[in-house]
Participant: 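Let me give you the structure first, and then I'll get to my questions.
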Amino acid sequence: MEKTGIICNPMKGANTPVPELPEVECIVRSLRRCLAGKRIMEGQLISPAMLRGITEERFRERLVGKIVTDVKRRGKYIFFFLHEGSFLEVHLRMTGRFVYLPGDSGAGRHTRAVFFLQGGESLHFEDMRKFGTFRLWHKGEEANAASLQRGVDPLEERFDRDVFDKILKKRPRCRIKSLLLDQESIAGMGNIYTDEALFRAGIYPGKKAGSLEKEEKERLFQCICTVLQEGISKRGVSFSDYRDLWGGEGEYQDCLRVYRRRDKPCLLCGASISRTVVAGRGTYYCPECQKA
DNA sequence: CTCCGTGCCTGTGAGC
DNA sequence: TGCTCACAGGCACGGA
């Protein structure tokens, strides 16, 4: 293992995008490599307020001594499956991230929890804004966990053109951006990838879902898959080495075509990218390529 | 049904 | 220089 810590969320700084499906997927792949088969020797909760539905004491009781068998993702949720069948659900929200350290290093300013692992490594959960949440589920509770049931994850097998079409037909008067952001419909899309997918599909973010042409729906389906896959593969490349990652900032930014590019020229037509608010969120689009 | 505002948080940066 | 304040946004929730 590397001497330096592995930042499981490569994004840094206050202006950094919130982790969405591709970022969480990359984090999960790293976590799986680091944690699978390892026993949690001790747990320290610096901010117990992030726990949902369980006390700090019970949480530690149920986690300490358990072996992590696998780490999985669904939507933006991370799941640590434990040997006896229970599983820990983590949502990073805005600023949550995991840092894997080879030794027992002290908690930083934003460290909210520390897990000490068999072998001496430790896993820190850092979260500047304290929005992140931990929830512990019992064995067999998979069917009760909304995080595992609601919405369709775009990377799941069952997410196909028909399913996407049904989602749109169910909410015809909803603006397409709101629909893509709705985790009950599609699990994993956030503000960035939504804007990027809509730009690539040439669809105005405020357009009603029910008014999309067949061709637009087809393009949007394809573009959702494309931007998510591209996001994952770019992250994947950056993840190979901590120092490469740290020095190589900007690679991810270069891939974004509209997000936070207000007043910059559209890469397709040269028009100035606009910013508006849709679904209460900053929304970037090309007024020429994405006509209302 | 859909939208909108509020709360949860803290760091950043613009404006004065 | 130092202060205030808007802003960033995932999600839950209440109200229009």
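Chain letters run A, B, ... following the sequence lines, proteins first and then strands; every chain starts at 1.
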Participant: Just to be sure I understand the rule, does A:Arg173 reach a base, reach only the sugar-phosphate, or reach nothing, if contact means heavy atoms closer than 4.0 Å?
Facilitator: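 Answer is sugar-phosphate: A:Arg173 comes under 4.0 Å of backbone atoms only.
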Participant: Over how many whole Å does the gap from A:Lys208 atom NZ to B:dC1 atom P extend?
Facilitator: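 Rounding to the nearest Å, NZ of A:Lys208 and P of B:dC1 are 15 Å apart.
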Participant: Using whole Å, what does the distance between atom P of nucleotide C:dG10 and atom CZ of A:Arg52 come to?
Facilitator: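 Rounded to the whole Å, the gap is 17 Å.
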Participant: Does A:Lys72 make a cation-pi contact with A:Phe81, if we ask for NZ or CZ under 6.0 Å from the ring centre and within 45° of the axis?
Facilitator: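 Yes; both conditions hold, so A:Lys72 lies above the ring face of A:Phe81.
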Participant: Suppose you measure atom P in B:dT6 against the same atom in C:dA6; what distance do you get, rounded to whole Å?
Facilitator: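 Going atom to atom, P in each nucleotide, I get 12 Å.
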Participant: Give the nucleotide from the list C:dA12, B:dC9, C:dG10 with an atom nearest to the side chain of A:Lys130.
Facilitator: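 Nearest to the side chain of A:Lys130 among the choices is B:dC9.
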Participant: Looking only at the side chain of A:Pro172 (C-beta and beyond, no hydrogens), which of the listed nucleotides B:dT2, B:dC3, C:dC11 gets closest?
Facilitator: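 From the listed options, B:dT2 comes nearest.
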Participant: How far does the P atom of C:dC7 sit from the matching atom of B:dG5, given to the nearest Å?
Facilitator: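 Each nucleotide's P atom is 12 Å from the other's.
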Participant: In whole Å, I'd like the distance from the CE atom of A:Met128 to the C1' atom of C:dC7.
Facilitator: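 These atoms are roughly 12 Å apart.
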Participant: Are the aromatic rings of A:Phe98 and A:Phe80 close, with centres under 6.0 Å apart?
Facilitator: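 For A:Phe98 and A:Phe80, the ring centres are under 6.0 Å apart.
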Participant: Check for a donor-acceptor pair, side chain of A:Lys76 on one end and backbone N or O of A:Met189 on the other, with a separation under 3.5 Å.
Facilitator: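 Such a contact is found between A:Lys76 side chain and A:Met189 backbone.
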Participant: Rounded to the Å, how far apart are A:Ile186 CD1 and C:dC11 P?
Facilitator: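 The answer, rounded to whole Å, is 13 Å.
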Participant: How far does the P atom of C:dC13 sit from the matching atom of B:dC9, given to the nearest Å?
Facilitator: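 The same atom, P, in both gives a distance of 16 Å.
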Participant: Check every atom of B:dT2, C:dC11, C:dA8 against the side chain of A:Arg260 and return the nucleotide holding the closest atom.
Facilitator: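 Of B:dT2, C:dC11, C:dA8, C:dA8 is nearest to the side chain of A:Arg260.
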Participant: Starting the side chain at C-beta, find the nucleotide from B:dC3, C:dG10, C:dC7 nearest to A:Cys174.
Facilitator: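 Closest nucleotide among those given: B:dC3.
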Participant: Tell me which nucleotide among C:dA12, B:dG11, C:dG10 gets nearest to the side chain of A:His110.
Facilitator: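 Nucleotide nearest to A:His110's side chain: B:dG11.
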Participant: Do side-chain atoms of A:Arg262 reach the backbone of A:Lys264 as a donor and acceptor pair under 3.5 angstrom?
Facilitator: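 Side chain of A:Arg262 to backbone of A:Lys264, a donor-acceptor pair under 3.5 Å: no, none is there.
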Participant: Between A:Glu42 and A:Arg60, is there a salt bridge with N-O shorter than 4.0 Å?
Facilitator: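 Salt bridge flag = yes for A:Glu42 with A:Arg60.
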Participant: Rounding to an integer number of Å, can you tell me how far A:His91 NE2 sits from B:dC8 P?
Facilitator: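 After rounding, the reported distance stands at 19 Å.
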Participant: Nearest-Å distance, CZ (A:Arg262) to P (C:dC7)?
Facilitator: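 Roughly 10 Å, once rounded to whole Å.
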Participant: So if I take every side-chain heavy atom of A:Tyr259 and compare against B:dC4, C:dG10, C:dA8, which nucleotide ends up nearest?
Facilitator: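 Shortest atom-to-atom distance from the side chain points to C:dA8.
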Participant: To the nearest Å, give me how far apart CD1 (A:Ile192) and P (C:dA8) are.
Facilitator: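 Interatomic distance, CD1 of A:Ile192 to P of C:dA8: 13 Å.
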Participant: Which whole-number value in Å describes the distance from A:Arg93 CZ to C:dG10 P?
Facilitator: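 My rounded result for the distance is 10 Å.
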Participant: Using atom P in both nucleotides, what's the gap between C:dA8 and B:dC4 to the nearest angstrom?
Facilitator: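 C:dA8 and B:dC4 have their P atoms separated by 16 Å.
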